[in-house]
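One structure is given here, and the rest of the page talks about it.
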Amino acid sequence: MKRSMMCGEVRALHIGTSITLQGWVHTVRDHGGLIFVDLRDRSGLAQVAVNPTDAPAVHAVAATLRDEFVLEVEGVVTRRPEGSENPRIGTGEVEIRATRMDVLNPSLPLPFPVAEETQVDERLRMQYRYVDLRRPRMARNLQLRHRTIKYIRDYMDSQGFWEIDTPIMANPTPEGARDYLVPSRLHPGMFYALPQSPQQFKQLCMVAGVDRYFQIARCFRDEDLRADRQPEFTQLDLEMSFVSDPEDVLALCEELFTGLTQTLSTKQVKFNPWPRIRWQDAMDRFGSDKPDLRYDLEIVDVSAAAGATGFQVFKGAVEAGGVVRGIRVPGAADRFTRKGIDELTELVRNSGAKGLAWAALGTETRSSFVKFLAEGEQAALWAALGAGPGDLVLLVADSLDVARTSLGRLRQDLARRLDLASSEIMAWAFVVEFPWFEKDEETGRLTFMHHPFTMPYDDDLALLDTDPLQVRAKAYDIVCNGKEIASGSIRIHRADIQEKLFRLLGYSPERIQTNFGHILRAFQYGAPPHGGIAPGIDRIVSLLADEENIREVIPFPKNQSAQDLMMGAPTPVAPEQLKELHISAVQPPATASTPG
RNA sequence: GGACCCGUGGUGUAGUGGCCAAACAUGCGUCCCUGUCAAGGACGAGAUCGCCGGUUCGAAUCCGGUCGGGUCCGCCA
């Protein structure tokens, strides 16, 4: 390799030495005489100066340069003339006086600028992803992703975990997300499925005596996309043997991600130790199972005080078995105009609430409802909320579910409007003690909330027969800044408990045998107690990189329609290929177009 | 499956019924220029305003449809 160092590494200590750099033309500044070339590689920029009197041949080459040409430059590192240093780049003290310049490859004019951080249509960025990834922001994100994965691997190794790879061609997941299927040529009519996660393999690793397993695992789910959801994504999948207390897994995650945040970013880890919030409390206090803990704005239950008033909206809601809950926004009485309040009202209405009762407390209280309350009733309500002059109070009277979720969304919206959620804070936390069951809204039947191999809390086992909805699971999530980062659980390793849960889920013995037979058999050959978790790498990196969309931290992502606009995937295939796989493609019926 | 936002030279924007056979910046081309760092200066080329249809004397602008991109709901054990 002719290159003697990276562009961004040239420093004053190299002055007087001759070096060879290779990279891309970031920008050219042609003065007619002097020409400056900023040469870029992934490490940064170095200024190359070409003087026509010193090196006429080099000057002739430099005059033909355009953005993103690939260059090899040989020259002497010199100190820049006094007053012409550039403190904004690491190499700004020096420049390379070129003695030789070879164009290794020219470039067509670019579809969009690399050197400027301008907003570019995502379609174009994805079509020319290889150009997009050259941009400093993307290069930074790629590097951060690398460092994150490297940190994780080093940490997991230090804790005695083995990295073990599991099959990509696996079998379908019962009950889960939609699977991506791979047709089998050797077995007509049969299919492999890409794994939604290596869940069963990692549990089998525990039976196999691996003791501590991890994998930087690619996972596949054929569901609709979101800003934080891609059809293929990457998880740190991990599992530990001889753990029966969630705390064993949580403590490890806490140390890993606290250290990772502090090592790879300048962000502040808000909690040490991280809070363990029971699911029930998260729903009550924050209206969400993934609360953003960077700010307070907790939801308060004022059903007692509000239900005792003469105000029919409050009284009626409580009498109908509902609740009155609200948020006190300290000092915000004057922060919202009537229009602003209307927007908040619209927000809770969109979450199913019938309305928003509000009061801006002060010498002249503005309110939608205090006129219906006696003075004593008002005082009792403010006391329940801890509210005083200068505070804004926002109340929802509705069913428990609607009050929680609408106030949860309101809480997030308030924080955004009041700029309470700093990206410089990482509010890592655990949500624990999820319910084992939830009721399927469509069928009314019991279904599992996490997954069917999750261990219930020992104290709740008796409730399985009497009140299954009250049974808590040894399931836990990692949340950070209002985003779900990981989900995990302690698994069942006892056949009697597993069978009982399957029965409560209404699974027939045939179905159990078909879907879970292989893993249940394995559990009969000495399965140790075990548990694990699976943090999403893409989401973690996007938080560290201050990116709203995980596409920005995935090198080659899919668009919202799950297509790769650069490679053109998915594509039709030749009929011969289908025939070989014993499958035929059926086009969906054309949508009838309405006459225009 | 549904709701909403966006689509104007290569790129990013302005223009919301006649002032627009479309403006600005940047990029591109030609020329001038020896200390710039988003170099500067001069000149030039480049857009049937995503597409189809409608309303109107007149449409980038209003309406309907369609295609493409994005955000959200459903969905994601």
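Order of the sequence lines fixes the chain letters, A, B, ..., with proteins taken first and strands second; residue numbering starts at 1 for each chain.
At a threshold of 4.0 angstrom between heavy atoms, the contacts of I35(A) with the nucleic acid are absent. Among the protein residues, R551(A) comes within range of the sugar-phosphate backbone only, with heavy atoms under 4.0 Å from sugar or phosphate atoms but none that close to a base. Contact annotation for T447(A): no contact, since no heavy-atom pair falls under 4.0 Å across all strands. Among the protein residues, M449(A) comes within range of the sugar-phosphate backbone only, with heavy atoms under 4.0 Å from sugar or phosphate atoms but none that close to a base. Within 4.0 Å of Q563(A), counting heavy atoms only, lie sugar-phosphate atoms of the nucleic acid but no base atom. Contact annotation for L124(A): backbone-only contact, meaning every heavy-atom pair under 4.0 Å involves sugar-phosphate atoms and none involves a base. Looking at heavy-atom distances under 4.0 Å, R539(A) makes no contact with the nucleic acid at all. Nucleic acid contact for T91(A): none, since no nucleic acid atom lies under 4.0 Å from a heavy atom of the residue. Heavy atoms of Q199(A) sit under 4.0 angstrom from at least one base atom. In this structure, D222(A) reaches neither bases nor backbone, as no heavy-atom distance under 4.0 Å exists between it and the strands shown. Residue P113(A) is in sugar-phosphate contact alone, with no base atom involved, counting any heavy-atom pair closer than 4.0 Å across all strands shown. Nucleic acid contact class of E82(A) (heavy atoms, under 4.0 Å, all strands): none. At the heavy-atom level, Q119(A) lies under 4.0 Å from the strands shown only through sugar-phosphate atoms.
Base pairing annotation: U11(B) forms a Watson-Crick or G-U wobble pair with A25(B), both donor-acceptor distances under 3.5 Å. Using N1 to N3 plus N6-O4 or O6-N4 for Watson-Crick, or N1-O2 and O6-N3 for G-U wobble, each under 3.5 Å, U30(B) pairs with A42(B). For C62(B), the paired base is G54(B) (Watson-Crick or G-U wobble, both distances below 3.5 Å). With a cut-off of 3.5 Å on both pairing distances, G74(B) has no Watson-Crick or G-U wobble partner at all.
On the P atoms, C75(B) is 36 Å away from C62(B), given to the nearest whole Å. Going from the C1' atom of G46(B) to that of G10(B) covers 9 Å, rounded to whole Å. G27(B) sits 28 Å from U16(B) when the C1' atoms are compared, rounded to a whole Å. Taking atom C1' on both nucleotides, U66(B) is separated from G12(B) by 27 Å, rounded to a whole Å. When the P atom is compared between C63(B) and A42(B), the two are found 42 Å apart, to the nearest whole Å. Comparing the P positions of C4(B) and A39(B) gives an interatomic distance of 44 Å, to the nearest angstrom. Between G9(B) and G70(B), the two C1' atoms lie 24 Å apart (nearest whole Å). When the P atom is used for both A21(B) and A59(B), the distance is 11 Å, rounded to whole Å.
Stacking is found between F36(A) and the pyrimidine-like six-membered ring of the U36(B) base under the 5.5 Å centre-distance and 30° plane-angle cut-offs. Stacking annotation: H31(A) is stacked on the base of A39(B) (ring centroids less than 5.5 angstrom apart, interplanar angle below 30 degrees).
With respect to R137(A), the salt bridge (Lys or Arg N to Asp or Glu O under 4.0 Å) criterion is satisfied by exactly one of E116(A), E117(A), E547(A): E547(A).
Between R125(A) atom CZ and G68(B) atom C1' there is a gap of 17 Å when expressed in whole angstrom units. Separating the CZ atom of F112(A) from the C1' atom of U11(B) is a distance of 10 Å, rounded to the nearest angstrom. Rounded to an integer number of Å, the gap from CG of D228(A) to C1' of C75(B) is 13 Å. One atom, CZ of F437(A), and another, P of A77(B), lie 18 Å apart when rounded to the nearest Å. Remark: C1' of U11(B) and CD of E68(A) are 14 Å apart, rounded to the nearest angstrom. Computed from coordinates, the R226(A) CZ to G70(B) P distance equals 13 Å when rounded to whole Å.
Within a 6.0 Å radius of CZ in R472(A), other residues, nucleotides and ligands contribute more than 12 heavy atoms. Residue M566(A) places its CE atom among more than 12 non-hydrogen atoms of other residues, nucleotides or ligands, all under 6.0 Å distant.
Each of P52(A) and A227(A) was matched to the nucleotide of RNA chain B holding its nearest heavy atom; the match closer to the 5' end belongs to P52(A). Map S197(A) and S561(A) each onto its nearest nucleotide of RNA chain B; the residue landing nearer the 5' end is S561(A).
Using a 4.0 Å cut-off between charged side-chain N and carboxylate O, E552(A) and R125(A) make a salt bridge. Using a 4.0 Å cut-off between a side-chain N of Lys or Arg and a carboxylate O of Asp or Glu, D228(A) and R226(A) do not qualify as a salt bridge.
Considering only side-chain N and O atoms, R66(A) lies under 4.0 angstrom from the phosphate OP1 or OP2 of G29(B). Taking only side-chain nitrogens and oxygens, R221(A) comes nearer than 4.0 Å to OP1 or OP2 of A77(B). Phosphate proximity of A39(B) to T27(A): present, with a side-chain N or O under 4.0 Å from OP1 or OP2. For Q560(A), a side-chain nitrogen or oxygen approaches OP1 or OP2 of U71(B) to under 4.0 Å. OP1 or OP2 of A39(B) has at least one side-chain nitrogen or oxygen of R29(A) nearer than 4.0 Å. At the phosphate of U34(B), neither OP1 nor OP2 sits under 4.0 Å from any side-chain N or O atom of N51(A). Look at N350(A) and you won't find any side-chain N or O under 4.0 angstrom from OP1 or OP2 of C72(B). At the phosphate of A38(B), OP1 or OP2 sits under 4.0 Å from a side-chain N or O atom of R88(A).
For N559(A) against G70(B), a side-chain-to-base donor-acceptor contact under 3.5 Å is absent. Residue-to-nucleotide contacts include no donor-acceptor pair under 3.5 Å from the side chain of Q127(A) to the base of G69(B). Donor-acceptor pairing under 3.5 Å, judged by distance alone, is absent between the side chain of R178(A) and the base of G74(B).
No side-chain N or O of E122(A) forms a donor-acceptor pair with one of N559(A) less than 3.5 Å apart.
Side-chain atoms of D224(A) lie closest to G1(B) of the nucleotides A38(B), G1(B), U71(B). Side-chain atoms of R123(A) lie closest to G68(B) of the nucleotides C37(B), C28(B), G68(B).
Between H31(A) and F36(A), the angle of the ring planes goes over 60°, which puts this pair in the perpendicular group of the 30/60° scheme. Taking the six-membered ring where tryptophan is involved, the planes of W436(A) and F448(A) are perpendicular, since the angle between them exceeds 60° and thus also 30°.
For the pair S197(A)/Q235(A), a side-chain contact is recorded, criterion being any heavy-atom separation below 4.5 Å from C-beta on.
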